[in-house]
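Data first, discussion second: the structure below is written as structure tokens.
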Amino acid sequence: MILVDQLRNATVAALKHLFPDTEIPGSLITVNQTKPEFTGDYTIVLFPFLKLLRQKPDALGTLLGDHLVNNSGLVVSYEIVSGFLNLTIRESYWTAFLLNHFNDRNYGEKSCRDERVMIEYSSPNTNKPLHFGHLRNNFLGFAMANILHANGKQVVKANLVNDRGIHICKSMVAWLHFANGATPADTGIKGDHLVGDYYVRFNDAYKTQISELVAQGMEETAAEREAPIMKEAQDMLRRWEAGDPEVRTLWETMNGWVYKGFEETYRRLGIDFDKMYYESNTYLLGKSIVEKGLKKSILFKKEDGSVWIDLTGDGLDQKLLLRGDGTSVYMTQDLGTAVLKYNDYKLARSVYVIADEQNYHMQVLKLILQKLGEPCADGIYHLSYGMVELPTGKMKSREGTVVDADDMMDEMIRLSQQQTEEAGKTEGFSDEELQKLYETIGLGALKFYLLRVDPKKKMIFDPKESIDLHGFTATFIQYAHARICSILRKENIPLLPGKEHFQTFVQTQPLAAPEKDLVRELEQYPQILESAADDYNPSLLCNYTFRLAQLFNSFYDQHSIAHAENEEKKLLRLMIIVMAARTMRHAMQLLGIRLPEKM
RNA sequence: GGUCCGGUAGCUCAGUUGGAUAGAGCAUCAGCCUUCUAAGCUGAGGGUCCUUGGUUCGAAUCCAAGCCGGAUCACCA
């Protein structure tokens with residue numbers, strides 16, 4: 001149990017002992033870190049109890065402070081400042097923490113594995129390559145999967161590929177018209193990009209045809225409907241659904257190109273999946289669920305045969321679930337897929353990483369499943385994130401205004417190379433090592449940039465401004481880590497040493513302020529890790545790890561580690577920085593960010 | 001119009017169930033490399049926490065009303 005919780009429990013016990021007649025709800029007890037301008041480590045706010053206990057701040061503070069000093073075994077002294085009880089923790093707590101957790105490589109992790117959780121993320125369309133906005137989705141999903149795993153869940157990483165539909169047919173039609181049989185192999189173009197190019201090509205041709213028809217005197221809406229290339233795409237979709245072998249073969253070929261491209265992108269991004277779902281297999285699901293709902297009269301049929309659910313009682317609208325011709329809509333297949341996932345894995349929770357433009361859809365999805373009494377319903381959680389936009393507005397792949405994911409990675413790697421060379425830090429590396437380093441720095445910066453903000457906030461990325469490698473960045477953390485590794489190398493200590501390297505460590509030495517700041521922060525890691533899972537918010541780990549790196553840098557600047565005042569001090573400091581490095585690695589690894597030993 | 005989300009320093013963002021004088025990074029300015037990596041450290045300036053009311057010992061945080069921005073409310077996915 002971390003110190004804050006121990007203090008809270010000790011305070012509950014103390015108040016119960018001091019005031020046996022008055023019930024104090026535990027929720028009234030706040031334990032905060034003491035502000036730097038006061039002496040103390042943690043602070044208990046006295047105001048909430050004053051009235052209940054009919055006490056004055058100083059009197060209550062003295063009673064409580066004395067009791068904690070005498071009974072908790074944690075507190076060595078206290079100070080009362082205008083209603084705040086500032087507690088100083090005994091030195092041995094911190095040194096004992098270092099010793100107790102030094103060999104605990106997974107400090108803060110839980111290992112119960114009592115629940116199975118699926119997290120669906122990425123979920124790309126196979127008509128275009130991944131863009132900058134997808135990166136946020138991919139990083140968030142991957143990071144949350146790791147964070148949930150570290151918090152004791154069995155995690156299934158799922159990817160639902162949108163591999164069918166009119167948009168896929170558009171790329172196919174355009175390829176037939178304009179490509180002259182071009183393939184990734186003979187053009188050297190990555191498969192997803194090649195297919196994406198023809199998707200853009202389709203829309204160009206479509207626009208041209210519309211303006212031609214309008215010039216001939218047709219209404220715009222009619223022209224949109226009548227443009228020959230669009231009719232071709234719609235016809236192709238019908239043939240696809242009918243299983244036309246020619247269309248299916250082309251579809252499989254072009255999707256194959258895209259998958260190969262995606263694989264490469266995923267590999268570079270360092271993300272993976274345990275289970276792939278394909279919409280071409282799931283798009284017909286859900287109809288039987290609708291049938292059941294009709295029988296139970298939870299759903300109703302309109303005159304044209306279409307099936308609806310009435311959600312007006314929940315403040316929402318009526319929602320279509322089956323068209324009049326019996327074909328399914330987006331919601332129908334999502335109902336089916338939700339049940340399929342549940343049946344495949346018996347999930348306690350099913351997390352969907354989807355942009356916030358689908359908040360309404362996800363709310364309705366969950367509500368419908370609840371009304372239908374499906375067991376999967378309550379476990380559904382929409383991890384909604386704000387879209388990444390350009391200064392000019394949304395990215396639109398149809399209009400080619402996207403920042404491509406592959407390009408972005410190249411750009412970040414190039415940038416990190418440039419800055420490494422400018423800083424003159426390339427000595428002592430082989431070419432191969434340098435290449436790996438640039439990737440570590442560049443991709444680390446990219447991931448951190450997208451994960452450091454609260455997921456639900458939308459973000460604007462200006463491609464003209466490069467992603468910074470200074471300040472609140474992965475680079476800053478990587479640099480602090482590399483500095484620690486450098487010290488350890490010089491002391492002939494391995495990166496992940498065991499306790500045996502510190503046998504002469506003396507437990508009773510006092511800690512200087514920067515030392516204690518760092519240890520206090522390290523001790524809180526389990527709390528941060530838990531909050532990141534509970535709030536579905538990886539940015540908490542970014543903030544925390546950055547704070548660690550800041551504290552280390554400041555410490556490093558003020559005190560020499562290698563040339564400490566004496567051997568005991570040196571060992572203490574080495575233990576602190578080893579734990580700092582270990583914790584940074586742990587947190588960043590969850591986010592998919594590597595920390596180099598040298599940079 | 002209904003619902004949901006956001007509004008904190010010039011910019012990008014933190015701010016844990018209400019707690020002490022609202023914090024970081026970037027940018028600007030001034031210092032710090034003969035000593036463990038200066039991709040760093042120290043300091044300065046910079047705030048009507050959108051507005052107005054309310055709740056109370058105490059509000060950026062909770063409530064109400066309003067203002068601004070965004071998303072969504074398809075027989076699209």
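First the proteins, then the strands, lettered A, B, ... as listed; each starts at 1.
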Under 4.0 Å, counting only non-hydrogen atoms across every strand here, what does [X] touch: a base, just sugar-phosphate, or nothing?
X	answer
A:Asn86	base
A:Val453	sugar-phosphate
A:Ser384	nothing
A:Asp454	sugar-phosphate
A:Lys35	base

Assess whether one donor atom and one acceptor atom, taken from the side chain of A:Thr34 and the base of B:A20, lie less than 3.5 Å apart.
->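 No, no donor-acceptor pair under 3.5 Å.
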
Electrostatic pair A:Glu433-A:Lys598, nearest N-O below 4.0 angstrom |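 A salt bridge is absent here (no side-chain N lies under 4.0 Å from a carboxylate O).
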
When you check the side-chain N and O atoms of [X] and [Y], is any donor under 3.5 Å from an acceptor?
X	Y	value
A:Asn255	A:Thr126	yes
A:Gln558	A:Ser554	yes
A:Thr473	A:Asp468	no
A:Gln418	A:Arg414	yes

Taking only the [atom1] atom of each, what is the distance from [N] to [M] in whole angstrom?
N	M	atom1	answer
B:G54	B:G46	C1'	32 Å
B:G18	B:U55	C1'	11 Å
B:C50	B:C75	C1'	42 Å

Can you check B:C33 for me, syn or anti if syn means within 90° of 0?
-> syn

Rounded to whole angstroms, how far apart are OH on A:Tyr449 and C1' on B:C11?
->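 Taking atom C1' of B:C11 as the reference, OH of A:Tyr449 is at 11 Å.
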
What is the distance, rounded to the nearest whole Å, between atom CD1 of A:Ile528 and atom P of B:G15?
-> 11 Å

Map A:Thr30 and A:Asn543 onto RNA chain B by nearest heavy atom, then report which one ends up closer to the 5' terminus.
->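 This one resolves to A:Asn543.
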
Only pairs at least two apart or in different chains count here, so list each salt bridge (charged side-chain N to carboxylate O under 4.0 Å, His left out) that has a residue in residues 27-42 of chain A.
-> A:Asp41-A:Lys516, A:Asp41-A:Arg520

Go through A:Gln417 and A:Glu421 one step at a time and tell me if the side-chain hydrogen bond (donor to acceptor under 3.5 Å, both in side chains) criterion holds.
-> CA-CA 6 Å; A:Gln417 171 167 6; A:Glu421 286 169 354; 3.0 Å; yes

Sugar-phosphate means primed atoms, P, OP1 and OP2; the rest is base. With that split, encode nucleotides 32-42 of chain B 5' to 3' as B, S or - using protein heavy atoms under 4.0 Å.
-> ----BBSBSSS

Which letter, B, S or -, goes with each nucleotide of nucleotides 70-77 of chain B from 5' to 3', with contact meaning a protein heavy atom under 4.0 Å?
-> SSSS-BSB

Just to confirm, is there a sub-4.0 Å distance from OP1 or OP2 of B:G7 to any side-chain nitrogen or oxygen of A:Lys457?
-> yes

Aro-ring/base stack A:Phe546-B:A24, d under 5.5 Å, angle under 30° = no

Donor-acceptor under 3.5 Å (A:Gln524 side chain, A:Ile2 main chain) |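 No; judged by distance alone, with no hydrogens or angles, the pair does not exist.
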
Would you confirm whether the ring centroid of A:Trp251 sits within less than 6.0 angstrom of the ring centroid of A:Tyr278?
->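 They do not qualify: ring centres at least 6.0 Å apart.
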
